[in-house]
Amino acid sequence: MMDALIRIGSNVKSMEHELHCPVCKDIVKQPVVLPCQHSVCLMCATEVLVQNGYPPPELPPEPNSPASTPNTRSPRQARRPMPSKNDYRPIDRVLRSGFGTYPSPGRRRKEPPPAMLFPCRPCGKEIELGEKGLTDCLRNLTLERIVERYRHTVSLGSVVMCQFCKPPQSLEATKGCADCRASFCNECFKLYHPWGTPRAQHEHVLPTLNFRPKVLSCPEHDQERMHFYCRTCQRLLCPLCKLRRAHAGHKVVPVAQSYQTLKDKITKEMNYILSNQETVLNQIAQLESAITQTEANSVAAREQLSQSMKDLVALLTERHASLVQALEDARHKRGEALAGQVAERRSLLEHAGLMAFSQELLKETDPPCFVQAARQTHSRLSTSIEALQCFSLAADPSFRHFQLDVSKELKLLTELQFIQAPLAPVIDTQKTLAYDQLFLCWRLPPESAPAWHFSVEFRRRGVVPGGGARGGIQGRLATARWGWQRLEEVAGTSAVIDRLEMDSVYVLRVRGCNKAGFGEYSEEVYLHTPPAPVLNFYLDSRWGLHADRLVVSKEQRCARSVPGLSLLQAADRALTSCHLTADLLVGDVAITQGRHYWACSVEPGSYLVKVGVGLEAKLQEWFHLPQDMASPRYDPDSGHDSGAEDSLEFPPPFSFLTMGMGKIFLPQSPSQHNNHSCPANGTSPRRSPTIANGSSPASSPTGLTYPLPPRLGVCLDFEKGRVTFYDAHSLRPLWEGPVDCSGPVCPAFCFIGGGALQLQELVANRMADLTPVRRVTIQSRVTNLNN
């Protein structure tokens, strides 16, 4: 029993924090609900508004009774009396213009008074109260009842005395009357509520000094109860407020319905929390362990900081000693040099040193002996004369080279801070791509701390664009299988991810790490892998190449058409044909089975460039018989066919898409042509492409024109005889059509006028920086054809 009482007391005491006013930090009294749903004391809210320069609002009168005395007033008012009129008259005069209007010439309409702003501490921002301020805020009667029960449970505060007994003989109140709004002892209650009178029907409550209304009433319409709730405004409404234009079109429901809905939600949430008490206890244990670790780690960090400072001081002391020693050695060396120079000059005085010896030497009269002894003296005197004529100090006494510039070091010491984890990297979307492998490139913001290494994480999405969600058991297995995978300790600012699923969307993110730990993740980037294995090939320069008009790079991955003299020579046909020069270029591989994907980019300034595939034999015919290259039967995108009845049964030998002048042309389906014939390229729309910026494509009777994508992808399914063109950046299908796959099929490109084309380089080749061995399969078949 005792344990139960202690448990109840602790539970009630733990609830006290929920009953505190955020302003006075005491248990709330007469709480009002702010628009942000926080509750504060009415007097506290009034004082805050007055301190912020607003005039005091008109507060509802305190509960009175026939026997009310100054001793029975609210303890809050006794502690904090209302400011007098003299206290806020200057504020009222200053702010009166903001809350009223003055008549002025030409003004027909009064400006609405500005809304009051209340600084809500729990929200950390200012809350707009509306034009009427606290008058629009309803009292939180539910919170008052909870506070009342809490006070009686823990016996908080002084005993409520009867308000009708005389002070010397005042008795403890035992009952309260909600209608009289006063507390009575038993005798006084019987006296003021005689049996058989209307007062005997008054509502009895527990004794209190804070009487509240029985029900909530509208602050704008007296005696109107709150029967409705506006879900749009999240406010209680009376029947008259509901009819206002401000709530027209709002979702207004009866308050009983909102009461039941909210009560069910709270009950459900409470049941969920109560059913997960073990989780709460585990998290509390983890938090307490974290607090303990925080204290221990802070002590360790403080010791490490002290040790770092000691090491820094020791290093400075050692460096100071070495610099002082160097200075002392320089002083001693320079002093010796200057002292020797002084001794040498003193020897040149008249009666000292060298001069005295020279005078004695001149007294020698024996020539041989004089010559023998005077040679060295002559040399010394000559050297002294030269030194005397070109005098300079043997050492610099200024010590200018021994001044320390510590401005840089002082700046570093001033900016000495604890190391911070790297900021979230920024992924370079221009360089990041998915081809044969995923290539991810990123950089750190300039203000970020340096990173020792990076961690790259990637996973496969459960939903692929253009497909359905992976639901059911398979979806859960896919989620479990394709969780986050990591590449740890990645050096540099790029990474390559291989061995991925085809035609899948991968999510990638990266974060940096240094001594402070891992930083924030970058924004997630989504990459779509190609729909088929990537085919690596090069532009074949052995056939199909007009050297005078086409230039192929040394790596054979880039080609440029430069129309020159041939265009001038063909100018006489300018009025009869637009196909002045059509140069064919093919890849050095031939496809005989499977599905293959490759990508290329066309320079936006190109005139006309055709990209696609073609039957190898027909491509060779086209090259060796150029007079038939403009034949309607095989003209790409012509929309005509001299043998249309044959094309309905047999797929076309070529399938091209035409690009040029910053646009790409997508032919319409055969059923949309007026002559109901199949176009020579045999293309038919797989789906209507969409434009990223929402612009409408330019249409023509034969097809649609879209902006040129940065890269064009081509996917050939040899077994099905279908070729699909993609926007290689987003892998959005642009066009799909048939192609004759009865023989080897080659990637083909056609230049009409000036233009340039670049094959997409493999990520593996880019990282290895090695050119793989090329395999040529077309040349042998060309030789057989010529034979």
Side-chain angles (χ1 to χ4, degrees), residues 289-347 383 386-388 390-426 428 441-456 486-495 510-522:
S289 175
I291 293 175
T292 304
Q293 293 178 4
T294 301
E295 295 296 330
N297 293 336
S298 65
V299 173
R302 190 181 300 111
E303 294 177 355
Q304 184 179 3
L305 175 61
S306 301
Q307 185 62 36
S308 300
M309 289 299 176
K310 290 180 181 178
D311 295 342
L312 186 59
V313 172
L315 181 61
L316 288 175
T317 304
E318 180 182 356
R319 189 59 180 165
H320 174 262
S322 63
L323 292 177
V324 169
Q325 184 63 36
L327 181 62
E328 188 65 22
D329 294 343
R331 183 196 64 80
H332 181 70
K333 184 177 181 180
R334 293 185 181 187
E336 289 182 349
L338 292 175
Q341 202 172 15
V342 169
E344 183 180 354
R345 291 301 184 274
R346 284 179 179 176
S347 66
T383 303
E386 291 179 1
L388 194 63
C390 304
F391 176 74
S392 63
L393 297 177
D396 186 7
S398 64
F399 282 81
R400 290 189 301 268
H401 302 292
F402 287 84
Q403 301 296 324
L404 284 180
D405 183 10
V406 295
S407 58
K408 183 179 180 180
E409 288 74 11
L410 290 177
K411 183 179 180 181
L412 291 176
L413 291 176
T414 304
E415 298 175 353
L416 189 63
Q417 294 289 343
F418 294 105
I419 186 172
Q420 300 292 330
L423 298 179
V426 179
D428 190 347
C441 184
W442 63 88
R443 66 179 183 276
L444 282 175
E447 63 275 9
S448 172
W452 293 353
H453 56 82
F454 295 90
S455 175
V456 179
R486 293 179 179 84
L487 296 178
E488 300 290 353
E489 297 187 4
V490 177
T493 57
S494 62
V510 63
R511 60 176 177 171
C513 179
N514 56 16
K515 191 175 182 180
F518 283 98
E520 296 292 332
Y521 283 104
S522 66

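Along the sequence shown, residues are numbered consecutively beginning with 1. Heavy-atom basis, side chains included; hydrogens, waters and symmetry copies ignored.
- Legend: residues meeting ring pair (Phe, Tyr, Trp, His ring centres under 6.0 Å) with Phe399, ordered by chain and number and at least two apart, are Phe402.
- Taking each heavy atom of Ala495 and Val456 in turn, the nearest pair found is CB-CG2, 4.1 Å.
- Partners of Ala339 by side chain to side chain contact (heavy atoms under 4.5 Å, CB included), not counting sequence neighbours: none found.
- Shown here are the side chain to side chain contact (heavy atoms under 4.5 Å, CB included) partners of Gln304, two or more places apart in sequence or in another chain: Ser308, Lys515.
- With rounding to the nearest 0.5 angstrom, the CG atom of Asn514 is 4.0 Å from the CD1 atom of Ile419.
- Of all heavy-atom pairs spanning Pro425 and Ser522, the tightest one is O-CB, 3.0 Å.
- Counting heavy atoms from C-beta outward, Leu312 and Leu413 have side chains that approach closer than 4.5 Å.
- Pairs passing the side chain to side chain donor-acceptor pair (under 3.5 Å) check and including a residue from residues 406-417, sequence neighbours excluded, read Asp405-Ser407.
- Under the side chain to side chain contact (heavy atoms under 4.5 Å, CB included) criterion, Val299 pairs with Arg302, Glu303, sequence neighbours left out.
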For residues 442-455, which side-chain N or O atoms pair as donor and acceptor with protein atoms under 3.5 Å away, sequence neighbours left out?
residue	atom	partner	partner atom	Å
Ser448	OG	Leu423	N	3.0

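- Scored by the side chain to side chain contact (heavy atoms under 4.5 Å, CB included) test, Cys441 finds Asp428, Lys431, Thr432, Phe439 as partners (sequence neighbours excluded).
- Applying the side-chain hydrogen bond (donor to acceptor under 3.5 Å, both in side chains) criterion to Gln307, with sequence neighbours excluded, gives Asp311.
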task = Mind running side-chain contact (heavy atoms from CB on, under 4.5 Å) on Leu412 and Leu416 for me, showing each step along the way?
result = CA-CA 6 Å; Leu412 291 176; Leu416 189 63; over 6 Å; no
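- Residues in residues 317-343 take part in these salt bridge (Lys or Arg N to Asp or Glu O under 4.0 Å) pairs, two or more places apart or across chains: Glu328-Arg331.
- The shortest non-hydrogen separation linking Ala421 to Gly517 is CB-O, 3.9 Å.
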